[in-house]
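Quick note: numbers below take in every heavy atom, side chains included, and nothing from hydrogens, waters or symmetry partners.
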Amino acid sequence: MSFDESRLPPGWLPFFQQELTKHYMLKLKAAIQHQINNGVKIWPMPRDIFKAYELTGLVDIRVVLVGQDPYPTAGFAHGLSFSVNEGVPLPASLRNIFSELERDLRVPPPASGNLEAWARRGVLLLNSILTVVENKRKSHESIGWSSFTEATIKEINKLEHGVVFLAWGGAFHEVCELVDESKHKVIRTSHPSNTHDACNRFGYTKSGKKFQAFNGSFCFSQANNWLVDNGHEPLNWEL
C-alpha cells in the first residue's frame, strides 16, 4: 500500500507525516500490502484510501460525517463514507439519507450517490475503518485503523473554529466520545440503515447520551443552525 503525500492539502501534511511513520501504521500498511500481494481484493482502490483527506482540507472542515467501513461490494467504495462511485445503485442507507435530506431541507434526491460535492464544501466523509476485504464487512476492523481515526479526531479537536459531527449509529457514537464538545457539536442519531429498522430507533449511547432516530431527526438543519449560531455560513447540502 503506497501513498502520495502530494495529493494532500497542506493542512493535513504534518499529521500524515507523523502518523504514517508510527509503528501501528507501519504494521497496518504491511498487513494490507501482504493481502494485496496474495490476490486479496481490497476496497477502496489503494489510490482512494485517503480520499476524504484529499478532498477536504483540515482547516476547511465544517462538518464531519462518520461512517463505519467502506462498502465491501466490488466497485461501490471510493474513499468517502456513505458515498458510492458514479453509476452504482444506491445502497439502502444512502436512499434513507437522501429521504431525510428531502424531508428536512426539501433537497430533491439526486440520481447519483457520489458525495464528492459535499467533501469539496467542507464535509469530511470519514470512515472509522478505511479499508475492507471484498464481500467481508468489518474485515479490517482490528488491523489498526481505530488508532488512525482517533488521531484524526484529536487533530480536528485542535481547530480553532467549531465543527459539527454527525454521528449516525452506535459505532460512530463511540468514535465521537473523543470529540471536545466544549468547542464542537455532536449530533447523535441512529444509523440510516433499514437493518432491524435501525433508522427508526432512538435511545441512549453506552455513555448515557441521548440519540434520536435518524428518520425525522432533521440532522442537516440542526447542523446548519449550529453553524450559523456560531458565526459560520450554512452548508449547501444539494448534490
Side-chain angles (χ1 to χ4, degrees), residues 1-58 61 64-85 115-116 119 123-159 163 165-180 191 206:
M1 185 181 86
S2 60
F3 176 61
D4 182 1
E5 290 185 357
S6 68
R7 295 168 61 181
L8 280 175
W12 282 119
L13 280 176
F15 171 76
F16 269 75
Q17 289 168 346
Q18 174 178 286
E19 290 301 313
L20 293 186
T21 59
K22 290 185 176 179
H23 181 64
Y24 83 87
M25 182 56 75
L26 296 176
K27 287 182 62 179
L28 185 158
K29 291 193 291 183
I32 292 176
Q33 191 61 55
H34 178 74
Q35 289 186 324
I36 292 173
N37 292 344
N38 284 277
V40 177
K41 192 66 176 177
I42 305 296
W43 293 102
M45 300 287 284
R47 66 175 181 272
D48 289 333
I49 290 174
F50 297 109
K51 179 177 277 189
Y53 300 84
E54 294 169 7
L55 295 185
T56 310
L58 178 61
I61 297 174
V64 180
L65 205 168
V66 186
Q68 183 170 274
D69 62 347
Y71 297 110
T73 306
F76 275 50
H78 65 131
L80 304 176
S81 61
F82 294 100
S83 183
V84 292
N85 273 308
L115 305 180
E116 286 190 22
V123 182
L124 182 67
L125 295 164
L126 177 68
N127 275 319
S128 54
I129 307 164
L130 297 189
T131 55
V132 68
V133 174
E134 184 170 295
N135 297 325
K136 294 185 178 180
R137 185 170 292 281
K138 296 174 70 174
S139 47
H140 282 173
E141 182 179 25
S142 302
I143 67 171
W145 282 123
S146 60
S147 296
F148 190 76
T149 303
E150 289 177 10
T152 298
I153 300 298
K154 291 175 181 177
E155 194 70 15
I156 296 171
N157 276 337
K158 299 175 186 176
L159 292 172
V163 169
F165 289 78
L166 293 179
W168 293 345
F172 326 134
H173 299 161
E174 292 187 34
V175 170
C176 287
E177 287 296 315
L178 299 166
V179 175
D180 179 0
H191 195 279
K206 291 181 179 179

Note, Ile42 side chain near Val132 side chain (heavy atom, < 4.5 Å): no
Approximate separation, where rounding is to 0.5 Å, of Thr152 OG1 and Asn127 CG: 11.5 Å
Salt bridge (charged side-chain N to carboxylate O under 4.0 Å, His left out) contacts in which one or both residues fall within residues 34-44, not counting sequence neighbours: none
Pairwise distance OG(Ser142) to CD1(Ile129) - rounded to 0.5 angstrom: 8.0 Å
Check: Arg7 side chain, Arg47 main-chain N or O, donor-acceptor pair, under 3.5 Å: yes
Side chain to side chain contact (heavy atoms under 4.5 Å, CB included) evaluation trace for Glu150 with Trp145: CA-CA 9 Å; Glu150 289 177 10; Trp145 282 123; over 6 Å; no
Contacts under 3.5 angstrom, residues 66-77 side chains, donor-acceptor by atom type, not counting sequence neighbours:
residue, atom, partner, partner atom, Å
Asp69, OD1, Arg137, NH1, 3.3
Asp69, OD2, Lys138, N, 2.6
Tyr71, OH, Phe82, O, 2.8

Check against side chain to side chain contact (heavy atoms under 4.5 Å, CB included), His173 and Lys206: CA-CA 8 Å; His173 299 161; Lys206 291 181 179 179; over 6 Å; no
Check ion pair Glu155-Lys158 (N to O, under 4.0 angstrom): yes
CG-NZ distance between Asp180 and Lys154, expressed to the nearest 0.5 angstrom: 12.5 Å
Residue pair Leu125 / Leu115: nearest heavy atoms and the distance that separates them: CD1-O, 3.6 Å
From OG1 (Thr149) to CG (Leu126), nearest 0.5 Å: 5.5 Å
Rounded distance (nearest 0.5 Å) linking atom NE2 of His140 with atom OG1 of Thr131: 4.5 Å
Side-chain heavy-atom pair Asn157, Val179 within 4.5 angstrom cut-off: yes
Considering all heavy atoms, the nearest Leu159-Leu58 contact: CD1-O, 3.6 Å
N/O donor-acceptor pair under 3.5 Å between Trp12 side chain and Thr56 backbone: yes
Sidechain-backbone polar pair: Ser139 side chain, Lys136 backbone, donor-acceptor under 3.5 Å: yes
Side-chain donor or acceptor of Asp48 paired with backbone N/O of Gly79 under 3.5 Å: no
Derivation of the side chain to side chain contact (heavy atoms under 4.5 Å, CB included) call for Ile156 and Phe165: CA-CA 11 Å; Ile156 296 171; Phe165 289 78; 3.8 Å; yes
Value rounded to 0.5 Å, distance of NZ in Lys29 from CD1 in Ile36: 12.5 Å
